[in-house]
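Shown next, in structure tokens, is the structure this report addresses.
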Amino acid sequence: MSRGSGGGYDRHITIFSPEGRLFQVEYAFKAVKTSGITSIGVRGKDSVCVVTQKKVPDKLLDQSSVTHLFPITKFIGLVATGITADARSLVQQARNEAAEFRFTYGYEMPVDILAKWIADKSQVYTQHAYMRPLGVVAMVMGVDEENGPLLYKCDPAGHFYGHKATSAGMKEQEAVNFLEKKMKENPAFTFDETVQTAISALQSVLQEDFKATEIEVGVVRAENPLFRALTTEEIDEHLTAISERD
Amino acid sequence: MGDSQYSFSLTTFSPSGKLVQIEHALTAVGSGQTSLGIKASNGVVIATEKKLPSILVDEASVQKIQHLTPNIGTVYSGMGPDFRVLVRKSRKQAEQYLRLYKEPIPVTQLVRETATVMQEFTQSGGVRPFGVSLLVAGYDDKGPQLYQVDPSGSYFSWKASAMGKNVSNAKTFLEKR
């Protein structure tokens, strides 16, 4: 009957397969999964926390240059899980966009608008053959003036949702299962509880205790809406608090 | 559009005369969440399933039904990101009409312009068709109206319609009524 899979190109560029799927987009998701790290984000009552693994493959590398946590503006942070090069490109464009927004409209770009912009850009790559989708899942976080703390996740397909808690990367499904149990009663976590939920979620899915130097933690709080990464000492405090709790 | 290295259309005719990319797009729509619309004598209703992938998702952040103008709304079945693109383009077209004619855009005009956009993406170089079907519901001087627009760019006016999963059950139900 019909000619089948479009000459086999449906796996090479983003055109539809006979089942109505976009293989390139699905492969981009696979690239995120096989990147080897897992990230977790949790939204509390008045703060947002993201945790990601910090794997430094070579002792000669400058550890401070290996990061997946990027400030986009003073108030918005982004953790990118997936292909690092694609992540840097996305972060650069997001920073530019947020700065232009501030210049054009006179107020800080809200988190959800930035997330939508990232998602719309990703959608363009799924529809135009000349660029492949980026192999990055971006979790954007910040404190919105009207809506409080917000956590958004944007994926290679162009979807974006606000989340109470979410995960991306290698152990995404296990982390989501863990978080669903924790968030089932719609708890309103304090800042410390938010951070510790995120860190213990990562510990649980990786099934190993890690040192403070092996993870990165980024936070925004309503009382101090600047995005910042926690120092190693602060991470240690939380790790200690978790192990004492258990 | 017309990205230089891809100045040939990706949607081409098969030997049997079909445009298979459009057919695949319709398959993508058919595996999307169900939505439907009904036109009444004094209004139109559109509705859709809002099944979120996890309880962790903040359901207030998801809005599948969107305004295009104060008196025209739309819902989709299929790929959410593609829907956002169409909503943005349609809103802009509605605003441009308003600015030019100082009158709100009639429903038929907006549907036609949206459908034209969708058709362009089936013929232009280097792009794939949209993976959504739209239900556009509006109320203007001609009264309540309901249109369905497909990935091919064809549109029809309906008294009632459904799209997405289980569309045959939905349509049977609607036909009986």
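Quick caveat: nothing in here was measured; it's all calculated off a predicted structure. A, B, ... follow the sequence lines: proteins, then strands. Residue 1 opens every chain.
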A quick test of your reading: do over 12 heavy atoms of other residues, nucleotides or ligands sit less than 6.0 Å from [atom1] of [X]?
{"X": "A/Glu26", "atom1": "CD", "value": "yes"}
{"X": "B/Lys89", "atom1": "NZ", "value": "no"}
{"X": "B/Lys50", "atom1": "NZ", "value": "yes"}
{"X": "B/Gln123", "atom1": "CD", "value": "no"}

Least distance between heavy atoms, [X] atom then [Y] atom:
{"X": "A/Gly20", "Y": "B/Ala28", "result": "O-CB, 3.2 Å"}
{"X": "B/Arg128", "Y": "A/Thr14", "result": "CD-O, 3.3 Å"}
{"X": "A/His163", "Y": "B/Val57", "result": "CE1-CG2, 3.5 Å"}
{"X": "A/Phe16", "Y": "B/Gly131", "result": "CZ-CA, 3.7 Å"}
{"X": "A/Ala119", "Y": "B/Arg84", "result": "CB-NH2, 3.1 Å"}

Against chain B, label [X] side chain, backbone, both or neither, depending on which of its atoms sit under 4.5 Å from a heavy atom there.
{"X": "A/Thr126", "result": "both"}
{"X": "A/Leu151", "result": "neither"}
{"X": "A/Ile13", "result": "side chain"}

So which of B/Ile22, B/Asp82, B/Val62, B/Thr11 has the biggest tally of heavy-atom pairs under 4.5 Å with chain A?
->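 Heavy-atom pair counts peak at B/Asp82.
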Rounded to the nearest 0.5 Å, what's the gap from OG on B/Ser61 to NZ on A/Lys116? Could you check?
->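 Reported value, rounded in 0.5 Å steps: 12.0 Å.
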Check whether any side-chain N or O of A/Glu19 sits under 3.5 Å from a backbone N or O of B/Thr27 as a donor-acceptor pair, and report yes or no.
->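 Answer holds: no.
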Counting C-beta onward and ignoring hydrogens, is there a side-chain heavy-atom pair between [X] and [Y] closer than 4.5 Å?
{"X": "B/Pro81", "Y": "A/His159", "value": "yes"}
{"X": "B/Val127", "Y": "A/His128", "value": "yes"}
{"X": "A/Tyr161", "Y": "B/Pro53", "value": "yes"}

Looking at chain B, which one of [options] has the largest number of heavy-atom pairs inside 4.5 Å, strictly under?
{"options": "A/Met131, A/Lys184, A/Arg21, A/Gln123", "value": "A/Gln123"}
{"options": "A/Asp112, A/Val124, A/Leu22", "value": "A/Leu22"}
{"options": "A/Asn186, A/Asn147, A/Leu179, A/Thr166", "value": "A/Leu179"}

Counting only heavy atoms closer than 4.5 Å, note whether B/Ile55 contacts chain A via side chain, backbone, both or neither.
-> both
Is it the backbone or the side chain of B/Val85 that comes under 4.5 Å from a heavy atom of chain A, or both, or neither?
-> side chain
Side chain to side chain contact (heavy atoms under 4.5 Å, CB included) partner of B/Leu56, the single match among A/Lys182, A/Glu180, A/Arg43 | A/Glu180
Would you check, one step at a time, whether the test side chain to side chain contact (heavy atoms under 4.5 Å, CB included) holds for B/Phe130 with A/Gln127?
-> CA-CA 8 Å; B/Phe130 284 98; A/Gln127 194 164 25; 3.5 Å; yes
